[in-house]
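Whatever order the structure lists them in is the order used to number ligands and atoms, beginning at 1. Note that the numbering runs from 1 along the sequence shown for the chain.
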Amino acid sequence: MTIQASYDQWSKAYDTDRNITRDLDHAVMQQLLGGRFESILELGCGTGKNTALLATLGDTVQALDFSHGMLKQARQKVQASHVRFDWADLTTVWPAPARAFDLMACNLVLEHIEDLNFVFAQAAHCIKPGGQFLVCELHPAKQYLGSQARFEHARGTTLIPVFLHHISDFTRAATQNGFTVERLNEWWHADDDPRKQPRLVSFMFRKALP
Ligand SMILES: C[S@@+](CC[C@H](N)C(=O)[O-])C[C@H]1O[C@@H](n2cnc3c(N)ncnc32)[C@H](O)[C@@H]1O
């Protein structure tokens, strides 16, 4: 099954399935983000779990995803005149303005995208100089041990296609496109063994001023 079809199928249960990776990601967002932003772009918004938080921080929020099922859930969850949801495949040119956003956020998405350089090139095009780009993803150490996005349904388990990105792949793609790494954190859920591999890695990148 394709990535897009997988998320269409998962969309109705995504918010209610037990999923401590999703829950930890939301907690990370609450911990890392604060202050006010004029304009926020969210990449791969899914059901709008984080869009609802971003809507409290931004004067405007544009949220992109390529799953119609996930977008349907998100539009039901976040109904506000300053938030818009758009269909977009992040592996092709994004339908977003240039040098327009002072915050961009991308959570649990990039494991599904092979070409990180394309993502950071598009991000560099859309972000304002000095803007921040928060990326929070499944830690590659989980992938080394076989973890993969998946969901259960009546007919069994669907594994969603993923690509492996090492930590250095993220930082290389970011720096090659004019970002600096301001913060890098590794995260464990309360149910995780803190002596074992982290569940998530987050990066706060900043686009250099000209
Ligand atoms: C695990 S969900 C995460 C959703 C949300 N960011 C969250 O943290 O709950 C991954 C999302 O990425 C989206 N996605 C994956 N590849 C994509 C692509 N190439 N273009 C747009 N969206 C994509 C999926 O449709 C799905 O909604």
Side-chain angles (χ1 to χ4, degrees), residues 1-33 40-55 57-58 61-78 83-96 103-123 126 133-140 142-143 147-153 157-165 170 173 187 189 199-203:
M1 198 185 293
T2 64
I3 297 165
Q4 197 174 4
S6 302
Y7 279 105
D8 281 343
Q9 192 181 334
W10 194 6
S11 56
K12 283 197 184 122
Y14 182 84
D15 284 341
T16 49
D17 279 354
R18 175 177 155 77
N19 182 341
I20 63 175
T21 300
R22 173 204 62 207
D23 297 343
L24 178 62
D25 172 76
H26 189 56
V28 167
M29 288 291 275
Q30 289 173 312
Q31 192 167 324
L32 290 183
L33 287 180
I40 300 176
L41 181 66
E42 186 183 12
L43 311 170
C45 61
T47 60
K49 170 199 91 196
N50 292 332
T51 322
L53 170 67
L54 296 172
L57 303 175
V61 178
Q62 183 179 5
L64 308 178
D65 204 286
F66 76 168
S67 160
H68 291 288
M70 298 295 265
L71 282 170
K72 185 175 176 198
Q73 300 295 320
R75 287 191 174 106
Q76 283 168 2
K77 183 178 295 149
V78 187
V83 178
R84 63 179 274 187
F85 293 96
D86 292 309
W87 185 94
D89 181 348
L90 298 170
T91 65
T92 63
V93 173
W94 302 350
L103 176 69
M104 301 180 43
C106 183
N107 299 69
L108 308 178
V109 176
L110 297 181
E111 67 181 305
H112 299 305
I113 295 183
E114 185 168 22
D115 186 354
L116 283 187
N117 190 61
F118 180 81
V119 169
F120 280 93
Q122 286 292 294
C126 294
F133 184 16
L134 173 57
V135 172
C136 186
E137 291 291 326
L138 188 70
H139 199 290
K142 297 286 287 182
Q143 286 182 295
S147 285
Q148 178 173 351
R150 70 184 66 208
F151 65 100
E152 315 288 332
H153 47 84
T157 301
T158 292
L159 294 177
I160 307 177
V162 291
F163 304 94
L164 175 64
H165 303 303
F170 289 100
W187 305 90
H189 188 271
R199 180 168 293 274
L200 296 178
V201 58
S202 68
F203 308 85

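Heavy atoms of Phe66 found under 4.0 angstrom from ligand 1 belong to the backbone as well as the side chain. Contact annotation: for Cys45 versus ligand 1, heavy atoms closer than 4.0 Å belong to the backbone alone. Only the side chain of Asp25 comes within contact range of ligand 1, with a heavy atom under 4.0 Å; no backbone atom does. At a 4.0 Å heavy-atom cut-off, ligand 1 touches Asn50 through the side chain alone.
Residues Val28 and Asn107 form no side-chain contact, since every pair of their non-hydrogen atoms from C-beta on lies 4.5 Å or further apart.
For ligand 1, the polar-atom distance check against Lys49 finds a nitrogen or oxygen pair separated by under 3.5 Å. Residue Thr47 places no N or O, backbone or side chain, under 3.5 Å from any N or O of ligand 1. Residue-to-ligand polar distances keep Glu42 apart from ligand 1: every N/O pair is separated by 3.5 Å or more. Ligand 1 has no N or O atom lying under 3.5 Å from any N or O atom of Trp10, backbone or side chain. On a distance-only criterion, Tyr7 and ligand 1 share no N/O pair closer than 3.5 Å.
If you take CD on Glu111 and CD on Gln143, they are separated by 5.5 Å, rounding to the nearest 0.5 Å. Put simply, CH2 on Trp94 and CG on Leu41 are 6.5 Å apart, with the number rounded to the nearest 0.5 Å. Taken to the nearest 0.5 Å, the SG atom of Cys106 stands 6.5 Å off from the CD1 atom of Ile113. Residue His112 holds its NE2 atom at 11.5 Å from OG1 of Thr2, rounded to the nearest 0.5 Å. Atom OG1 in Thr47 sits 13.0 Å away from atom CZ in Arg75 (nearest 0.5 Å). For the atom pair CG (Leu110) and CG (Leu138), the distance works out to 11.5 Å, reported to the nearest 0.5 Å.
Closest heavy-atom approach to atom 6 (N) of ligand 1 among the candidates Cys106, Gly44, Ala5, Ala74: Gly44.
For the pair Ala96 and Gln62, the tightest heavy-atom approach, listed with the atom from each and the gap, is CB-OE1, 3.9 Å. Residues Val109 and Leu43 approach most closely at CG2-O, 3.6 Å, considering heavy atoms.
Counting atoms of ligand 1 from 1 in the listed order, those under 4.0 Å from a heavy atom of Leu108 are 1 (C), 2 (S), 3 (C), 8 (O), 10 (C). Taking a cut-off of under 4.0 Å to the non-hydrogen atoms of Asn107, the atoms of ligand 1 that pass are 3 (C), 5 (C), 6 (N), 8 (O). Atoms of ligand 1 found under 4.0 Å from any heavy atom of Asp89 (numbered from 1 in listed order, with element): 18 (C), 19 (N), 20 (N). For ligand 1, the atoms closer than 4.0 angstrom to any heavy atom of Val109 are 12 (O). The Thr91 neighbourhood of ligand 1 comprises atoms 19 (N), with distances under 4.0 Å to a heavy atom of that residue. Of all atoms in ligand 1, numbered sequentially from 1 with element shown, those under 4.0 Å from a heavy atom of Gly46 are 4 (C), 27 (O). The contact set between ligand 1 and Tyr14, taken as ligand atoms under 4.0 Å from a residue heavy atom, comprises 1 (C), 2 (S), 3 (C), 4 (C), 7 (C), 9 (O). Within the listing of ligand 1, atoms 20 (N), 21 (C) sit less than 4.0 angstrom from a heavy atom of Ala88.
Under a 4.0 Å heavy-atom criterion, Arg22 is not in contact with ligand 1.
For the pairing with Asp15, the side-chain hydrogen bond (donor to acceptor under 3.5 Å, both in side chains) check across Lys77, Lys49, Gln73, Arg22 returns one residue only, Lys77.
Not less than 6.0 angstrom separates the ring centroid of Tyr7 from the ring centroid of Phe66.
The backbone N or O of Ser67 lies less than 3.5 Å from a partner atom in the side chain of Asp65, making a donor-acceptor pair.
Scanning the protein heavy atoms around atom 20 (N) of ligand 1, the nearest turns out to be Leu90 N, 2.9 Å. Ranking the protein heavy atoms by distance from atom 27 (O) of ligand 1 puts Asp65 OD2, 2.7 Å first.
Classified by interplanar angle (parallel below 30°, tilted 30° to 60°, perpendicular above 60°), the ring pair Phe170/His165 is perpendicular.
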